[in-house]
Number of protein chains: 2
Amino acid sequence: MRVVQPKSVADQVEEILRGKIRDGTYPAGSRIPSESELSEGFGVSRATVRTVLAKLAVNGMILRKQGDGTYVNPRIRVASANFGSLWDFVTLIESNGYKPAIDALSIELRAASEKEAGALAIEPQENLLSMTRLFRADEQPVILAKNVIPASFLCVPLGDIDGHLPIRDILYKYCRQEIAFAITDIRSMLTGPELKSALGDTLGDTVLELQLAFYSRDNLPLALGVNYFNDATLRLCLAQAWS
Amino acid sequence: MRVVQPKSVADQVEEILRGKIRDGTYPAGSRIPSESELSEGFGVSRATVRTVLAKLAVNGMILRKQGDGTYVNPRIRVASANFGSLWDFVTLIESNGYKPAIDALSIELRAASEKEAGALAIEPQENLLSMTRLFRADEQPVILAKNVIPASFLCVPLGDIDGHLPIRDILYKYCRQEIAFAITDIRSMLTGPELKSALGDTLGDTVLELQLAFYSRDNLPLALGVNYFNDATLRLCLAQAWS
DNA sequence: AAGTGGTCTAGACCACGAC
DNA sequence: TCGTGGTCTAGACCACTTA
């Protein structure tokens, strides 16, 4: 069970613990080993174990009780779990119990609008990589996603881009840029005719609109996104824990 | 500047740093002192400083760059900042630049429906404390909030309840219960006539519906909430940072 | 009283960025 | 090369729960 080198020790411990919770080695609601037992078992210090447990606790995956122990949160297994999923639709679809798929409807270059240029801190009319993609849950379309990235970031030809990758991977693989933080606006809106045709007949009268902006560690705008979310089919479900 | 006893050392350091960012001692975009400087200045260990900085970083308030330094994130000041605000409408209204107010429309006891009983793990027909409240931004109604709490939790008479408190404080003051985690479902819905009358004429055709469930550290359901959110007036804006 | 998580310390070494 | 943040250790003491 002892941990070896490749990634950080803490990441490995986290991965192992997440796995044991996922596969039922630590069943829902059960008490997991104490910090001292884990640190001894993994051959790492208690401080390292603690940073990992703290990370799992803010997502609500575990519940910690002073003087008692640490328990697997049984309710979180049915929820979409952590906040990261807001920007990871594949995981979100999976946690809703569906098989995810991504269709790349269009990948093209076009000039930036005034508004896009302002948000991306570039000149209007500068070129953008513009992608329109459709996320499916068990084949049924559930999210229409439109993303734009300044074409100046691109370091591969347009044809090399794999439209099935999440935006985070596209920025990393084709632009060598890493997302440090994101700001999301959530709105509700009426379903228009073009959405009806894209998202299909199960669509209700309203959809959720998620407007995203991604930034690098240097505070540089990397990409924008507008996502239309069929909340009649897919639950947008967040969990948060305190202290 | 040295820190004294009352709360935990880490909490005090966090409060001081948040204050310096808020009041401009550390201006937006500027580099704040290094971990060693802070730890020496506060008279605490570097590990303590690091746990605080890690907490501020996940909310995107600061950006950390290895080999360089820690910077105040200038973009987060205009966003509603952290995830906590999803469940703290007063802070959310303030960060949108309005003056918040809460009207208690009704506070009463009633029997639980089948569905409520199931979600709260109580028997149907058991008594609930049911509150309907209206949040205003600069006097304009923006959120209609309905909350229910099992009456068995109450340890004060109904008349003693101050309807202007946030749900977290109501649970703590009147029920001696602390919220450990919450699960939120976000949906969009058409504006009905009763919402129109409650939320007023600026209301659009759609609203956001936030369904909340609050749980204790013992995984006991504490309260439910349904909130109708006028997203034409108020931005529901979340920020998240990675690693 | 024993065991748990909560807090904190003092120090070590590494990876990275700027100079 | 130097200073920064990133990682990790070994140990201490406290507060709390449980029995």
Side-chain angles (χ1 to χ4, degrees), chain A residues 2-17 26 30-58 61-73 176 178 180 216-220 241-243, chain B residues 2-17 26 30-58 61-73 176 178 180 216-220 241-243:
Chain A
R2 191 166 226 289
V3 155
V4 282
Q5 314 280 348
K7 291 196 296 180
S8 90
V9 177
D11 285 353
Q12 294 176 64
V13 171
E14 181 177 346
E15 214 37 63
I16 293 174
L17 290 181
Y26 300 151
S30 68
R31 197 170 91 163
I32 74 175
S34 73
E35 298 181 350
S36 327
E37 287 168 337
L38 289 173
S39 83
E40 198 171 339
F42 288 126
V44 302
S45 80
R46 193 179 147 216
T48 303
V49 170
R50 276 187 61 76
T51 65
V52 172
L53 294 181
K55 220 167 155 184
L56 296 179
V58 298
M61 289 194 63
I62 57 175
L63 297 170
R64 321 202 65 198
K65 292 195 259 186
Q66 186 170 359
D68 183 354
T70 300
Y71 295 81
V72 178
N73 188 342
R176 295 279 145 217
E178 261 186 293
S216 75
R217 201 156 295 276
D218 298 309
N219 206 18
L220 198 66
W242 277 268
S243 96
Chain B
R2 191 166 227 289
V3 155
V4 282
Q5 316 279 348
K7 290 196 296 181
S8 89
V9 177
D11 286 352
Q12 294 176 65
V13 170
E14 181 177 346
E15 214 37 63
I16 293 173
L17 291 181
Y26 300 151
S30 68
R31 196 169 91 165
I32 74 176
S34 74
E35 297 181 350
S36 327
E37 287 168 337
L38 289 173
S39 84
E40 198 172 339
F42 288 126
V44 302
S45 81
R46 195 181 144 215
T48 303
V49 170
R50 276 186 61 76
T51 65
V52 173
L53 294 181
K55 218 166 157 186
L56 297 179
V58 298
M61 288 194 64
I62 56 175
L63 297 170
R64 321 202 63 195
K65 293 195 259 187
Q66 188 171 358
D68 184 353
T70 300
Y71 295 81
V72 178
N73 188 341
R176 295 279 144 215
E178 261 186 293
S216 75
R217 200 158 296 277
D218 298 309
N219 206 18
L220 198 66
W242 278 269
S243 93

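Bear in mind that the values here come from a model prediction, so they are computed numbers and not experimental data. So you know, we letter chains A, B, ... as the sequences are listed, proteins then strands, and number each from 1.
Listed by chain and residue number, nothing satisfies the side-chain hydrogen bond (donor to acceptor under 3.5 Å, both in side chains) test with A:Ser36 (two or more places apart in sequence, or in another chain). With sequence neighbours left out, the side-chain hydrogen bond (donor to acceptor under 3.5 Å, both in side chains) criterion links A:Ser39 to no other residue. Under the salt bridge (charged side-chain N to carboxylate O under 4.0 Å, His left out) criterion, B:Asp218 pairs with A:Lys65, sequence neighbours left out. For B:Leu63, the side chain to side chain contact (heavy atoms under 4.5 Å, CB included) partners two or more places apart in sequence, or in a different chain, are A:Phe181, A:Asn219, B:Asn73. The side-chain hydrogen bond (donor to acceptor under 3.5 Å, both in side chains) test applied to A:Ser30 returns no partner, not counting sequence neighbours.
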List, with names and distances, any nitrogen or oxygen atoms from the protein found under 3.5 Å away from nitrogen or oxygen atoms belonging to nucleotides 15-19 of chain C.
from, atom 1, to, atom 2, distance (Å)
C:dA15, N3, B:Gln66, NE2, 2.9
C:dG17, O4', B:Gly67, O, 3.4

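Whole-Å rounding puts the B:Glu35 CD to C:dC14 C1' distance at 14 Å.
Bracketed by its first and final contacts, the part of DNA chain D lying under 4.0 Å from non-hydrogen atoms of chain B reaches from D:dG3 to D:dT7 in 5' to 3' order.
Contact annotation for B:Thr70: backbone-only contact, meaning every heavy-atom pair under 4.0 Å involves sugar-phosphate atoms and none involves a base.
To the nearest 0.5 Å, atom CG of residue A:Asp11 and atom CD1 of residue A:Ile16 are 11.0 Å apart.
Between B:Ser216 and B:Ala180, the shortest heavy-atom contact is C-CB, 3.5 Å. Closest approach of B:Leu53 to B:Ile32, counting heavy atoms only: CD2-CD1, 4.2 Å.
For the contact set between residues 48-56 of chain A and DNA chain D, defined by any heavy atom under 4.0 Å, the members are A:Thr48.
Listed by first and then second residue, the salt bridge (charged side-chain N to carboxylate O under 4.0 Å, His left out) pairs involving residues 31-47 of chain A are A:Arg31-A:Asp68, A:Glu35-A:Arg46, A:Glu35-A:Arg50, A:Glu35-A:Arg64 (not counting sequence neighbours).
Each of B:Leu17, B:Thr48, B:Thr70 was compared with B:Leu38 under the side-chain contact (heavy atoms from CB on, under 4.5 Å) criterion, and only B:Leu17 meets it.
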